[in-house]
Amino acid sequence: AFAIGGSKTLRASAQDVVTVVAAGVTVYEAIKAHDVLASEGIAIRVIDLYSIKPIDGATLQLAAAETSAIITVEDHFAEGGMGEAVMSALATERIPIHALAVRKMPHSGKPAELLSAQAIDAAAIIATVRVALSTA
């Protein structure tokens, strides 16, 4: 089912320390990051925020209450994007939010190269999880 205003929690456990919120192609990168971190004993929640407007505030607020940080990952510019929508939905929550998005001038390349160049791939998510945990 694809409910307008919904999201889908793809990976979750009672031990989740950070939540990664992604959409589109970055969902696959978030799942890769989840698997790598799980092999190291680090549990993260992965939410596919497939509907930005209206946003699924209830799921985001639950994640904010149950984990120590939120990381958003989007494959377009940050301005007016998913990261800003999540920040707005969680404006009254006391949780760090790290936004990964396209910040450099886009260029041609293979998909994996482009995700890496913009720091929105699994490696960038893993690095951001580590930063979030070190500052929590």
Side-chain angles (χ1 to χ4, degrees):
F2 188 83
I4 301 300
S7 68
K8 187 163 185 113
T9 302
L10 302 175
R11 302 289 187 274
S13 75
Q15 293 77 38
D16 293 339
V17 292
V18 171
T19 297
V20 176
V21 181
V25 69
T26 61
V27 169
Y28 302 102
E29 298 300 312
I31 291 171
K32 287 181 203 174
H34 170 277
D35 294 345
V36 170
L37 291 166
S39 74
E40 298 174 11
I42 301 170
I44 65 169
R45 184 167 306 178
V46 177
I47 297 173
D48 177 1
L49 192 67
Y50 62 78
S51 181
I52 307 296
K53 190 169 185 177
I55 198 162
D56 184 359
T59 297
L60 294 172
Q61 289 170 347
L62 180 63
E66 294 180 345
T67 62
S68 65
I70 303 285
I71 299 169
T72 63
V73 190
E74 56 191 308
D75 64 339
H76 45 79
F77 287 108
E79 297 78 16
M82 183 187 67
E84 287 187 353
V86 170
M87 288 178 193
S88 178
L90 298 176
T92 60
E93 305 296 323
R94 302 185 126 216
I95 187 164
I97 300 174
H98 305 264
L100 303 180
V102 174
R103 301 198 186 273
K104 301 174 191 169
M105 182 61 67
H107 59 277
S108 297
K110 295 178 181 173
E113 294 169 340
L114 298 174
L115 292 169
S116 177
Q118 294 295 339
I120 57 173
D121 62 350
I125 295 167
I126 292 166
T128 306
V129 167
R130 294 188 196 292
V131 168
L133 291 176
S134 71
T135 59

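- Connection of Ile55 to Ile95 is established within a shared hydrophobic cluster, with ILVMFWY side chains joined at heavy-atom distances below 4.5 Å, either directly or through further cluster members.
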Please report, to 0.1 Å, the donor-acceptor pairs under 3.5 Å made by any side chain of residues 120-128, with sequence neighbours excluded.
from	atom 1	to	atom 2	distance (Å)
Asp121	OD1	Ala124	N	3.0
Thr128	OG1	Ala124	O	2.8

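- No side-chain heavy atom of Ile71 sits under 4.5 Å from any side-chain heavy atom of Ile44.
- Pairs of residues two or more places apart, or lying in two chains, never qualify as ring pair (Phe, Tyr, Trp, His ring centres under 6.0 Å) while including a residue from residues 109-132.
- For Asp48, there are no side-chain hydrogen bond (donor to acceptor under 3.5 Å, both in side chains) partners, not counting sequence neighbours.
- Under the 4.5 Å side-chain criterion, counting only non-hydrogen atoms from C-beta, Ile47 is in contact with Thr59.
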- request: Please test Arg11 against Ile31 for side chain to side chain contact (heavy atoms under 4.5 Å, CB included), starting from the C-alpha separation and ending with a verdict.
  value: CA-CA 8 Å; Arg11 302 289 187 274; Ile31 291 171; 3.6 Å; yes
Please tabulate, one pair per line, all N/O donor-acceptor pairs under 3.5 Å involving side-chain atoms of residues 16-28, not counting sequence neighbours.
from	atom 1	to	atom 2	distance (Å)
Asp16	OD1	Ser13	N	3.3
Asp16	OD1	Ser13	OG	2.9
Asp16	OD2	Ser13	N	2.8
Asp16	OD2	Arg45	NE	3.1
Thr19	OG1	Thr67	OG1	2.9
Thr26	OG1	Ala23	N	3.2
Thr26	OG1	Ala23	O	2.8
Thr26	OG1	Val73	O	2.9

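- Residues in residues 67-83 take part in no salt bridge (charged side-chain N to carboxylate O under 4.0 Å, His left out) pair, two or more places apart or across chains.
- Tracing side-chain contacts under 4.5 Å through hydrophobic residues (I, L, V, M, F, W, Y), one never reaches Leu133 starting from Ile70; they form parts of separate clusters.
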Pair up each side-chain donor or acceptor in residues 107-116 with any protein partner under 3.5 Å, not counting sequence neighbours, and list the distances.
from	atom 1	to	atom 2	distance (Å)
Glu113	OE1	Lys110	N	3.0

With a 3.5 Å cut-off and sequence neighbours excluded, list the donor-acceptor pairs that the side chains of residues 80-94 form with protein atoms.
from	atom 1	to	atom 2	distance (Å)
Glu84	OE1	Gly80	N	2.8

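- Contacts of Glu40 classified as side-chain hydrogen bond (donor to acceptor under 3.5 Å, both in side chains), with partners at least two apart in sequence or in another chain: Arg130.
- Within the structure, every pair that satisfies the ring pair (Phe, Tyr, Trp, His ring centres under 6.0 Å) test and touches residues 41-83, not counting sequence neighbours, is listed here: Phe2-Tyr50.
- Evaluation of the salt bridge (Lys or Arg N to Asp or Glu O under 4.0 Å) rule for Glu29 yields Lys32 as partners, not counting sequence neighbours.
- Linking Ile, Leu, Val, Met, Phe, Trp and Tyr residues whenever their side-chain heavy atoms come within less than 4.5 Å leaves Ile52 and Val102 in two separate clusters.
- Applying the salt bridge (Lys or Arg N to Asp or Glu O under 4.0 Å) test to Lys8 and every residue at least two apart in sequence or in another chain returns nothing.
- Taken from CD1 in Ile42 to NE2 in His34, the straight-line distance is 11.5 Å, to the nearest 0.5 Å.
- Between Gly6 and Ser51, the shortest heavy-atom contact is O-CB, 3.4 Å.
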